[in-house]
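Before any comments, here is the structure.
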Amino acid sequence: MILSFVLGLFASIARSELSVPEAAAKMMSLYLLFAIGFKGGVAVAGHGIDGHLLAAMAGGIALSFLLPFLAFALLRMSTGLSALDAAAVAAHYGSISIVTFVTATSVLSAQGIASEGYMVAVAAAMEAPAIVSALWLVARSGAGVRMDARLWHEILLNGSIVLLVGAFLIGAVTGEAGMDRISAFVVAPFQGVLCLFLLDMGLVAGRGLRDARGVISLGAVVFGVVMPILGAVAGLAVALIIGLSPGGAALMMTLAASASYIAVPAAMRVALPEANPSISLTLSLGITFPFNLTVGIPTYVAVATAIIGG
Amino acid sequence: MILSFVLGLFASIARSELSVPEAAAKMMSLYLLFAIGFKGGVAVAGHGIDGHLLAAMAGGIALSFLLPFLAFALLRMSTGLSALDAAAVAAHYGSISIVTFVTATSVLSAQGIASEGYMVAVAAAMEAPAIVSALWLVARSGAGVRMDARLWHEILLNGSIVLLVGAFLIGAVTGEAGMDRISAFVVAPFQGVLCLFLLDMGLVAGRGLRDARGVISLGAVVFGVVMPILGAVAGLAVALIIGLSPGGAALMMTLAASASYIAVPAAMRVALPEANPSISLTLSLGITFPFNLTVGIPTYVAVATAIIGG
Amino acid sequence: MILSFVLGLFASIARSELSVPEAAAKMMSLYLLFAIGFKGGVAVAGHGIDGHLLAAMAGGIALSFLLPFLAFALLRMSTGLSALDAAAVAAHYGSISIVTFVTATSVLSAQGIASEGYMVAVAAAMEAPAIVSALWLVARSGAGVRMDARLWHEILLNGSIVLLVGAFLIGAVTGEAGMDRISAFVVAPFQGVLCLFLLDMGLVAGRGLRDARGVISLGAVVFGVVMPILGAVAGLAVALIIGLSPGGAALMMTLAASASYIAVPAAMRVALPEANPSISLTLSLGITFPFNLTVGIPTYVAVATAIIGG
Amino acid sequence: MQTHAAKRVEIIIEAPMESRLTDALENAGVTGFTVLPVLGGSGRSGRWTREGQVGRAGMVAVICLIRPDRLDALLDAAFGVVERHIGVVSVTDTQVVRAERF
Amino acid sequence: MQTHAAKRVEIIIEAPMESRLTDALENAGVTGFTVLPVLGGSGRSGRWTREGQVGRAGMVAVICLIRPDRLDALLDAAFGVVERHIGVVSVTDTQVVRAERF
Amino acid sequence: MQTHAAKRVEIIIEAPMESRLTDALENAGVTGFTVLPVLGGSGRSGRWTREGQVGRAGMVAVICLIRPDRLDALLDAAFGVVERHIGVVSVTDTQVVRAERF
Ligand SMILES: Nc1ncnc2c1ncn2[C@@H]1O[C@H](COP(=O)(O)O)[C@@H](O)[C@H]1O
Ligand SMILES: Nc1ncnc2c1ncn2[C@@H]1O[C@H](COP(=O)(O)O)[C@@H](O)[C@H]1O
Ligand SMILES: Nc1ncnc2c1ncn2[C@@H]1O[C@H](COP(=O)(O)O)[C@@H](O)[C@H]1O
Ligand code: NA
Ligand code: NA
Ligand code: NA
């Protein structure tokens, strides 16, 4: 799985013309969102909603609100980024990457570690709050923010949130019966589609890295590795407070450690058009995403199981 | 399954930017056509062609020829549509929607009700005749019709007919042996692909509904619900005359009740360019398709099994 | 399987507007490359690399280098093609068609005949050498060749080579454990995806044939059938020298008999822009590909098992 | 670099009419054209988009570069096809290199 | 064939701004436009391509044909949206048939 | 609204040549361009379409807006690449807003 990503990364850094069509990449991401949401919903239907759901949602939202402040402070200290660019990057790091999350769930299931089905809903809830914090940081620094009801609407009903939550609800409503009918679709080929999708992500990340030499300072690269670690620590703290299972804690760490590369970039283009999009994307997709995939997730899982106990 | 459609409908009415790429939607529809045609062919290879095949084809073709007259009369009575627009809509309702048909087959198989494999061929045969009737209605009313050999060729060899019939023949030739080799492809993921495709149909239908406020009168909306019911009744009558099984009768009802949204719209654009395409599409995709999916199909199945007996 | 191809061929010759979106066709080809490469790698991981790997690679590369000379001579004798066009066609026939290879592997596995997993790597190695020979033939005839380091880089790291070799390595590294996790993706739906892909190939080939009436002389058509037979004989000779299994020999024959229609065409457009691309493509895709699919592969398998023994 | 006066004709037309238009162009002796995909648009018949569509819905843009003296033949041929249909036709003065190709 | 002077406005804009632009156009009374997909490009903010992307990354090209006297209203409306954004706007003299449509 | 004279260069070229063309443009100092997909077309080398294709078949359209005084440098650079290849190049007078960007 990780190897697919590495293959993609290699191919694009070696300037191979291997590429996945945009429509195919979107289709795979729709499939992954649908499958992961549905499976989360079925799990909730099976085990019932334990009392921790609301606490986990609240914890996730709090993380998404607060992590941008940490990211912003780090960036302003360690890089020469303007307040505007730093805030845009901070929004990405407060929000989450759903592919990183999906990869973590599949690492967990490969190791036979259970996790709370509702973590899918927590993931959806963590997409947007970071944007508020980032815009507040920008507004405070005096720059113009283009934020209106319409953009809120776009953010809260963005495709991945709607599909994830919708599939979650469908899974929760149809439960095991629904799962029986479509498990050949959402379970069996899941790993394989994820492989191909990570191959594509590797291609995109590699291209970003290649094009971004010069845009990114050393300080920024360090940030791209340190920030997920700090995020994971914060995520672990929240998980311990809430009392999540080891699997759930590993997922919460992963969410906090991951950085958005779909929803937040589009929102930033509308709200902060003067921020340079390639800085955020290179950091989130070129540094933090590979870091989480290769080093991060295994570590988060190991730490979570070690601390909370199998 | 229906829930996926509802999710799509909700997402697009709520103006979420969730969307399925055109290429992905086309791919899924190719898959569904291939799979349903192939399965129909294998069923025929297994059970042999009973004497009813020709009767069913003839019955389906007759329905497709005649239903447009009913639809046209209803529309002229209950709406203010011009003869041209009414005829264009009528062509849609005489023809069939293959997705509605596919959904009905999957509802049947979920309930363990068998049906005649050759109904796939009947579906293919019912696509085109309605166009003739509609054009005759227009020509009679004196308007100019652009109908030539080339358009006939396009209609009779349109993509879905060719793929459906071709896959049916392949299935009939290879039989169970062929099925064994590709059942992991045409059977296992079928339900799941159908879910995602219905999600997309919900998105498209919702968008149509949203854009069509104002275009569609109340009378037209009523037509969009009443016409499939009348069509289903006609389909049931034909099924009884022919002596189809309960499953086959439910499918015949579904075919008669459904309205085209792919083949006929393209043909109408060429033959009747002055007809307003959004009226037909909104009715067929925005009203009748959701009606059939949610209320219609379960009712048709229930009625067919009740009358013909399990 | 073959029937799907025939269906596509029929549909496009009958000018049906059935068509597969470009993105979907690319996605299916990525899937097939990934799956076949991965399976080859897993097979190598299972059985170990026997001493024949290097010999088979060398044999394949030699075939790819030498077959263009044969093709060039035949073309110059039997057709009125210019040296430039003849060399461009020759490059296609020295190189390989991966879909033909994939189809052959699936025919073998349907008949329960084992083959060497590393034949996938041999296939990858045979893509490029023919281009060198063809360019040498052109340069010798005095025409201008646009060949630079960049084009070499593009050829050697072209998408299908990178994906095939990459997936092969991933398969070799993860072995059976990896296979267990994604076999529902790379094994189960393989035949079905291949069917749909061959349908698309049939559409493309049929369109090519239709458009190419007049471009192609009778001599060229004969070449398109004779050349794969000669190639297969050469491939058999090499397989006997190396001592491949019957399955491996059938694959080597298939590789030698097949003609490129992806990698070489793009390379020729850059290196030999004055060569007429539709001659090569019509021969390779419209004549040789269908010939191999329908008559060739079954014959190669039969001959290889007859001579080498089951 | 030497350039030559030409016309750039851009025809935005419904996808089901594409092959009829290009055949009419070829019959009128216009053998050079390029077809671009269209994502969506808006006009008197409302707004539309291609997303998620399955049929041959939507429109395409056909671009022809031609010698000025052949413009009328082209427009007549094109107009015979598009006349009763939705869509737009525009003609722009332009310059081409390699005039012998047009 | 009778043609009429018009303007062809081509606006290349970020995809997330598309709906804002088209709404602004419609508010300014411009109801005819066509949206073309864009594969990639290069500008002051670097090179980009759409391959393999998942989000609403990338740009689109919006083409409007309008009567010359309505150009200023269109440009004002469009500029209100694109002003702070990356992208380009160009205006070309052109001729249209069926002037009553514009 | 204030606009400035510019040239719109449209180059329709085989997809395998795209990166060579854009690199040549960048070497000639042209850093702004947009690449549009092409569905199909027709020319002296016959008719083609992209449907169902797998390789890097087909063509793309590259659009550059530039200041008139830089046109020759651009055409020289582009021509070095496209010279031996199929495809077309056209240059149209246009107006741009925000001239400082070009
Ligand atoms: N003024 C215009 N400028 C650009 N494209 C237009 C214009 N008017 C119409 N179109 C295109 O032509 C299609 C049909 O237009 P109409 O015939 O006005 O409904 C629209 O959906 C647009 O894609
Ligand atoms: N001179 C130009 N000609 C054509 N397209 C351009 C030009 N400049 C910018 N673009 C397009 O606009 C996008 C953003 O440009 P910029 O605002 O310069 O970063 C680029 O990626 C191109 O797609
Ligand atoms: N006159 C033209 N107008 C527009 N596009 C053209 C023209 N001539 C050629 N093309 C495009 O360039 C490609 C190659 O043309 P050619 O070099 O004439 O074979 C064609 O397939 C078209 O896409
Ligand atoms: Na985060
Ligand atoms: Na009907
Ligand atoms: Na060969």
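Quick caveat, the model's predicted, so the values are computed rather than measured.
Residue E:L36 touches chain D through both its backbone and its side chain, counting heavy-atom pairs closer than 4.5 Å. With a threshold of 4.5 angstrom between heavy atoms, E:T34 approaches chain D through its backbone and through its side chain. D:D72 touches chain E through its side chain: at least one heavy atom from C-beta onward sits under 4.5 Å away, while N, CA, C and O do not. Both the backbone and the side chain of D:L75 have a heavy atom closer than 4.5 Å to some heavy atom of chain E. Looking at E:E26, the atoms closer than 4.5 Å to chain D (heavy atoms on both sides) all sit in the side chain, from C-beta outward.
Looking at heavy atoms from C-beta onward, D:R8 lies in side-chain contact with E:R8 at the 4.5 angstrom threshold. Using a 4.5 Å cut-off on side-chain heavy atoms (C-beta onward), D:T92 and E:Q95 make no contact. Using a 4.5 Å heavy-atom threshold, the side chains of E:L74 and E:L25 count as touching.
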(request) Step by step, work out the side chain to side chain contact (heavy atoms under 4.5 Å, CB included) result for E:T94 and E:K7. (result) CA-CA 6 Å; E:T94 191; E:K7 298 283 182 180; 5.8 Å; no
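The side chain to side chain contact (heavy atoms under 4.5 Å, CB included) test with E:F33 singles out one residue from E:T22, E:L65, E:I63, and that residue is E:T22.
Of the listed residues (D:A61, D:S42, D:S90), the one with the most heavy-atom contacts under 4.5 Å to chain E is D:S42.
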